[in-house]
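Here's the structure we're looking at; comments come further down.
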Amino acid sequence: MEATTVKAKDTFSGGVHPADNKQLTAHKPTVTAAIPKRAIIPLSQHIGAPTKSIVVIGQEVKKGEKIGETAGFVSAPVHASVSGKVVALGNFPHILGMDIPAVVIESDGKDEWIGGLKENPGYLTLSPDELKKLVADAGIVGMGGATFPTHVKLSPPKEKPIDVVILNGAECEPYLTSDHRLMLEKSKEIVEGLKILMRILNVSKGYIGIESNKPDAIEAMTKAAAGSPEVKVWPVKVKYPQGAEKMLIKAIAGRTVPAGGLPMDVGVVVQNVGTAEAIYNAVRYGRPLVERYVTVTGRGVREPKNFLARIGTPFSQLIEEAGGLTDTAAKVISGGPMMGMSQYTLDVPVIKGTSGITVLPKNEVNTNSYGPCIRCGRCIDACPMKLQPSYLGLYIEKGHYEDAKAYNLMDCFECGSCTFVCPANRPMVHWVKKAKKELAKKKN
Amino acid sequence: MEAPALVQAKEQPKLIVSIGPHMHDEESTAKIMWTVSGALIPASLMSVYYFGMPAVMVILVCLVTSLLAEAGMQWLLKKPITLSDGSAFLTGLLLALNLPANAPLYIPFVGSVVAIMIAKHLFGGLGYNIFNPALVGRAFVLVSFAKIMTTFVAPVTTFMALDAKTTATPLVILKEEGIARLLEIYHTKAALYQDLFVGNRAGSLGETSVAALLLGAAFLLMKRYITWHVPIPFIATVGILTWIFGGHDGLMTGDPLLHMMSGGLILGAFFMATDYVTGPSVRSAQIVFGICAGALTVLIRLKGGYPEGVMFAILLMNCFAPLLDRAMRSRVFGKAEAKGVKK
Amino acid sequence: MKDILKITLPLVAIFVVAGIIMSVTYRYTYPVRYQAEKKEKEEALKEMAPDATDPIKVAGTWSADNKSYEYYQATAGGKPVEYIAETAGKGYSSFIKMLVSLSPDMKIREVKILDMNETPGLGDQVLEKSFLDQFKGKVLSQIVLIKGETKENIQAVSGATYSSRGVTNGVKAAVQLLVDKYGAGIKTAAQEVAK
Amino acid sequence: MWQHVLTIFIASALINNFVFSRYLGLCIFFGVTKRMETAVGMSFTFTAVMLIQAVLNWIIYTYVMVPYHLGFLKIVIFIGTVAAFVQAADTIMKKVAPALYYKLGIYLALIVTNCVILAVPLLNADENYGLFESMALALGSGLGFSLALIIMASIREKLELADVPKSFQGLPISFVLTGLIALAFLGFSGMITL
Amino acid sequence: MSNNVSLGTLFKNGIFGENPVFRLALSLCPAVAVTSGVKNGFLMGVAVLFVMTMTNVTVSLLRNFINPKVRIPSYVFITATWVTVIDLVMSAYQRTVYKEMGLYIMLIVAFAIILSRAEMFASKNKLLPSFVDGVGMGLGFLLALMLLGVFREFLGKGSFWGVQILPVKPLLIMIMPTGGFFAMGLMMGWLNWIDRKFFGGTGASSGGH
């Protein structure tokens, strides 16, 4: 994609500029992936309490039928993404790297929606509470990858009034283009979704933040939002991790989320553009979240593509549809290369938060061992949270977790910028994760 | 419950699993070290041009001893031997550039051994040393062999110069006999500046050619291997303070240009004060580091017993680097506001 | 009350005994130290003026750099054979204390460094005979430090200019003093040389 | 006169730094620099006590010991003064400023048998310094000592993470480190001749 | 420490196992300060040996006589007395050496090692063990100082006890303060290494008083 002529506005300090490689798929219109023969639908696709299965083996289900019931407020129901028969209940590989409970549905090929879906063209006249219930019932979670149940974000405590909603279309993660394509292809729906969000939160200011390296998306969204003066499309600087909530809020609203705080502390709610589209579908057509845009990319697949794929589609199927792995494919990542998670098996399914599958060939995989920290300070410059990752690394390496905590370990959101720039190849993110785990263990 | 193999890819490829990020910048420690070493090549060549064979010998002994000491120490400590990372090579080269050409060869030997074994490996090796190893090596031999280390030879133009004439460095002449004597030797200020710039003067190998050093420094700045935060405040402070206090006829009569181009300032400011390991890593602390090092240099040059203060200034600031880093830690994103909220 | 007594009495006893031990030691070591100090000085002076047969007497005190020093007259059979002055010069990191002896014709006979704390290896080269011997036979006007070759004057030790200057200045001050005091007849001669 | 006082002050803080060139107070220096807070607390306490001791002992030395020729008892008398002072300070602080006592009290106990404190009056007596010179020496030494403690503490925090060879961990490497700092401090030498 | 430890063990402990300088890391100041030459180290060691022994003996003799409430001041006073004695003697008979290290001789009074032996050992033991302990500790100190002195004087001046052995001064830095710290650090590290390697020890105390 051509470098942009769109003028980007404010940004944060720090950050890195990895090669984005988005040209692999950015111009490719989305294709609908085949309905998976067997959809593996994990019962936990979000942050919070896992759902409880409400189906039994052999049960016939329709597309959109609820198969996992919420087990708490911070939770989101799970729905069947295909129509067919439940053939297995058990632990299956999950992108987090472990086996967790999932429902396997064998498709009957009919792809029938469940009956009783209520279409509602006058959705904007519904009350905020009704809208929120629709969102909650549709099992919508943050689709940028955080997978935080959306209705929870939409229920801020009274003492924290919200006055700004931001849609996150920054897509700063290299390689991924699913949000980009979504913005081009479903711009109207996204704007409508934003309006619904604004209505739920009773907010009059809505922004759509897009990195300025996607001028076509900016144009499409601006066009879609033309009739809605309350919605503004906001180009932001191209820099990783511009799409992180706190960084985006800084760039667009000019507000700084306090350390350890949440966006709502400064009156902001951020949602992914994909989430907005899902919300629109849920509210307008009553359809639960059963499919999403997934980019399958990287030089490890033969034909990188953008897919509209059902939740539960195994990675192996999407990769096959993208021409299959190349001979040198060495690493399959769920998500982008910065924050995504590498997979040991292709049996893992697409879940609600899967924005892409990146396959790296051997020569792009860094297998060097790490060396001692030479204190070059690159990580300090790169850290968007203004932490000192070098010190975090040194402390954690030696097992001084408490000292790491004193160096603001808990403010790290593991964007990987430090590890990306480290000349000594030190695995800071790995250590931060480890330290957080150890500290949590100590607490219990 | 066992997971039945319901879905199976045609063949499961062997996949590499690791924790992200899965992309990496092209930089590496070795690349940085070798590039910095490379940036010192012009200065090394100039020193060979001016001091001939003895300079070659000093450089060679430093490099060989440093590498051997590194390998030996790592072998002794049962650590992997990492000569290829270039850090020992760089230390050796920097040390060589800090020695006079006429130094008997045991001096580069002792200096390198001290630099690598004591200043570097006793403290845990690369990344952990508190003081710049090359400067420790130099300070050690300076104190141990004070006389030899403060005797310099004039540049020669024949390669195999064996009995070069000893002479004082411009800074020593300036300190002990005043600017008038310097002008007597060089006739005009312009000629003096020119000789300083090109490197036609007595001094340590790397002290001589400002032009060659600046060339290397510009390359490193361009590659962003070093930043302006340390060297520019360092040199500027020296310039300003020597202008104010450096003159014999009262305040504001000093010659900043002369001071900025003399001694090891350019070498020290761009290549040694910028050492990642022994300097502060927070940007604001780096500026303070540079200013303080500059002030200490001037203090030692004008008031101290030694004619040249760059080495001591950097070593002294090395002591303070952890303190500076600690005191000037950047404020975490959103930290100040967090305090406000609590109130 | 009884307790306090119990604590105090032994303490007082210890104090008294300790006081006695220290006093006795002092009583017996003080003269030794005094004698040693005196002897040291005498020997040093004696070395400076080997021709003197009479005991060397303090002729007066003078001061330089706010510190006071003594000067002496050495005689043999009542006739002055040597004038000696204590002096000091500000060196690199310390005051260099010296003895300077002049023959009756106001030429330097000997310079001896008593005490100094200059940088080892650098400043302490002024202790070397080759440097100090330069002073021998020089008159006041010749005591000028030169960097570089010289026979007429004093050549600084290369690399130890500060310390060399300290010694030279100290010697010069002492010679000046002795010339002022005793060199009435010679002074003019010296001045002529200077011309 | 004042210039001399200033000279003594600077010389005792930097050039003749107690730790780096007079080798005094090493036990404390190595003992309390493992943590920054203790180093800072120690610095305050020591500087204050050194200053007070210098004045107190100067008075005793000048008005009692010199007139009565008791110079040879200076060791006993000085250490007695220090001990008495520390005892008194301990008692008074506990009553008057318990918060301060809680913070600095632990360091007070270390003072009685500490060469840094005792060295100040001994040096003053040796040099026959006047009151202001004595105070300059005490203050300069105190601040120089504090500087040494704080630098050392900050470096040791960094060193704690280093892969120091096993045999050198702890005291040996601290000694080498101190040697290197002393080497750097040589840069100050020659600035002032006392 | 109980009385059933044999005197020989006690003696050996002072010199090796609990060497005040290298093992207990006590009283380090003079170890660096006066060891630029063997002779200085030796004389300092002798002074400490004397004070150590005499203090131990005195405290042991008076242990039933001193009220525990005032024991620390008393011990300090006793130490100060013996330091004064050795100070006066040294200043009279060793003029040149005294000029260099007089201050450190006076500061023996503030040595933690002496007070701690008085408090921990002599005040609880009979005369003979206290004496042996004092001599052992003092000798340990003396040996440590001499070891450092030999090392530093040889490297720094190329001589031994003032007698020039080498024609040159190999590493002048070793007789300077910097070198003192280096020597001490390297020596300690080396002894630790020997201890770990051959005796399975854990190295010296990590510092303190």
What part of [X] gets within 4.5 angstrom of chain B, counting heavy atoms only: side chain, backbone, both, or neither?
X: Cys373(A); value: backbone
X: Gln388(A); value: side chain
X: Tyr407(A); value: both
X: Asp327(A); value: neither
X: Thr358(A); value: neither
X: Asn366(A); value: side chain
X: Arg378(A); value: side chain

Is the shortest distance from a Lys or Arg side-chain nitrogen in [X] or [Y] to a carboxylate oxygen in the other one below 4.0 Å?
X: Glu364(A); Y: Lys331(A); result: no
X: Glu106(A); Y: Lys85(A); result: no
X: Arg426(A); Y: Glu397(A); result: yes

Under a 4.5 Å cutoff for heavy-atom pairs, which residue among [options] has the most contacts with chain B?
options: Glu414(A), Arg375(A), Met247(A); result: Arg375(A)
options: Ala19(A), Gly14(A), Pro427(A); result: Ala19(A)
options: Met339(A), Lys246(A), Lys37(A), His17(A); result: Lys246(A)
options: Gly416(A), Ser417(A), Pro174(A), Gly377(A); result: Gly416(A)
options: Lys386(A), Met428(A), Lys433(A), Gln317(A); result: Lys386(A)
options: Val421(A), Asn368(A), Ile380(A); result: Val421(A)

Keeping the roles fixed (side chain from [X], backbone from [Y]), state whether a donor-acceptor pair exists under 3.5 Å.
X: His24(B); Y: Cys422(A); answer: yes
X: Thr82(B); Y: Asp85(B); answer: no
X: Glu173(A); Y: Met338(A); answer: yes

**Item:** Proximal component of Ile32(B), with respect to chain A [non-hydrogen, under 4.5 Å]
**Value:** side chain

**Prompt:** So what's closer than 4.5 Å to chain A heavy atoms on Arg329(B): side chain, backbone, both or neither?
**Reply:** both

**Asked** Quick one: are the ring centres of Trp431(A) and Tyr370(A) less than 6.0 Å apart?
**Response** yes

**Request:** Could you walk me through whether Tyr128(B) and Leu394(A) pass side-chain contact (heavy atoms from CB on, under 4.5 Å), step by step?
**Result:** CA-CA 10 Å; Tyr128(B) 296 117; Leu394(A) 285 165; 3.9 Å; yes

**Item:** Heavy-atom neighbours of Lys362(A) NZ exceed 12 at 6.0 Å
**Value:** no

**Request:** Decide if atom NZ of Lys437(A) counts as having more than 12 heavy atoms of other residues, nucleotides or ligands within a radius under 6.0 Å.
**Result:** no

